[in-house]
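Chain identifiers are assigned alphabetically (A, B, ...) following the order of the sequence lines, protein sequences preceding nucleic acid strands; residue numbering begins at 1 within each chain.
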Amino acid sequence: DGGITQSPKYLFRKEGQNVTLSCEQNLNHDAMYWYRQDPGQGLRLIYYSQIVNDFQKGDIAEGYSVSREKKESFPLTVTSAQKNPTAFYLCASSNALGRGIGNEQFFGPGTRLTVL
Amino acid sequence: DAKTTQPNSMESNEEEPVHLPCNHSTISGTDYIHWYRQLPSQGPEYVIHGLTSNVNNRMASLAIAEDRKSSTLILHRATLRDAAVYYCILRDVGLGIQGAQKLVFGQGTRLTINP
């Protein structure tokens with residue numbers, strides 16, 4: 001089955017520790033995205049990548065870092081600099097270079113991170 | 001980014017049609033209207049999108065006002081599995097590559113379906 005996998009589903013970390021969230025897609029999509037969702041709120045864009053070895057900051061990039069060494073993988077590191085890291089993190093991908101009018105984003109199941 | 005306004009919540013009965021409204025009075029000529037929905041504890045999924053004409057697919061229909069300042073997502077026969085948060089999003093393809101890829105999610109409409 002083609003799709004996006006995120007692991008783990010639930011993650012607990014102590015305050016002050018960096019943590020890396022995994023995102024893998026086998027859809028052969030060029031673009032990948034990371035969003036954060038807080039309870040009762042919509043999604044906010046953290047980082048996105050249009051192509052391998054390139055990525056751009058989204059609206060709330062502070063305290064996060066990413067890499068895009070392979071087309072199918074886009075891991076997100078939540079650093080100790082992120083003031084309020086507890087949230088639901090969603091990864092997405094789309095078949096997009098160019099304007100991609102109909103290029104819907106496909107989302108993974110999410111990772112719920114709790115920092116104690 | 002052009003903004004959308006949706007009701008916080010709506011309720012409907014199973015097997016009845018549901019009309020989910022969205023206002024986007026500042027929409028530009030290059031904004032496409034996209035709808036996504038998010039089931040509890042899951043990632044969002046694409047529902048439908050359109051520019052000017054009404055659109056139909058297997059999931060829903062999208063009715064767009066003539067002046068494009070509002071649109072309505074129509075679920076023709078709601079089931080319990082349609083209970084979700086529905087997001088109406090404007091996607092500006094006039095911003096070039098980077099802008100076109102960004103989805104800006106508001107708080108959406110929480111749809112409850114009664115059995």
Open item on the list: Strictly less than 4.5 Å between heavy atoms, which residues of residues 106-116 of chain A line up against chain B? Please order them by number.
Closed with: F107(A), G108(A), P109(A), R112(A)
Task: Distance-only donor-acceptor check, side chains Q105(A) and Y35(A), under 3.5 Å - done: yes
TODO: With a 4.5 angstrom heavy-atom cut-off, could you sort out which part of Q42(B) is near chain A: side chain, backbone, both or neither?
DONE: backbone
Would you be so kind as to tabulate the donor-acceptor pairs closer than 3.5 Å made by side chains of residues 17-24 of chain A, with sequence neighbours excluded?
{"residue": "Q17(A)", "atom": "OE1", "partner": "K14(A)", "partner atom": "N", "Å": "3.3"}
{"residue": "N18(A)", "atom": "OD1", "partner": "S80(A)", "partner atom": "N", "Å": "2.9"}
{"residue": "T20(A)", "atom": "OG1", "partner": "T77(A)", "partner atom": "OG1", "Å": "2.9"}
{"residue": "E24(A)", "atom": "OE2", "partner": "S73(A)", "partner atom": "OG", "Å": "3.0"}

TODO: Tell me, please, which residues at least two apart from K69(B) pass salt bridge (Lys or Arg N to Asp or Glu O under 4.0 Å).
DONE: none
- [ ] Output all residues satisfying salt bridge (Lys or Arg N to Asp or Glu O under 4.0 Å) with R37(B), sequence neighbours left out; order by chain, then residue number.
- [x] E45(B), D82(B)
Task: Note, Q6(B) side chain near L20(B) side chain (heavy atom, < 4.5 Å) - done: no
Open item on the list: If I measure from the heavy atoms of chain B, does L43(A) come under 4.5 Å with its side chain, its backbone, both, or neither?
Closed with: both
Task: Residue pair Y87(B) / T4(B), side-chain donor-acceptor N/O under 3.5 Å - done: no
- [ ] Please determine, by modelled atom types, if Q82(A) and E62(A) share a side-chain donor-acceptor pair under 3.5 angstrom.
- [x] no
- [ ] Measure Q6(A) against the heavy atoms of chain B and call it side chain, backbone, both or neither at under 4.5 Å.
- [x] neither
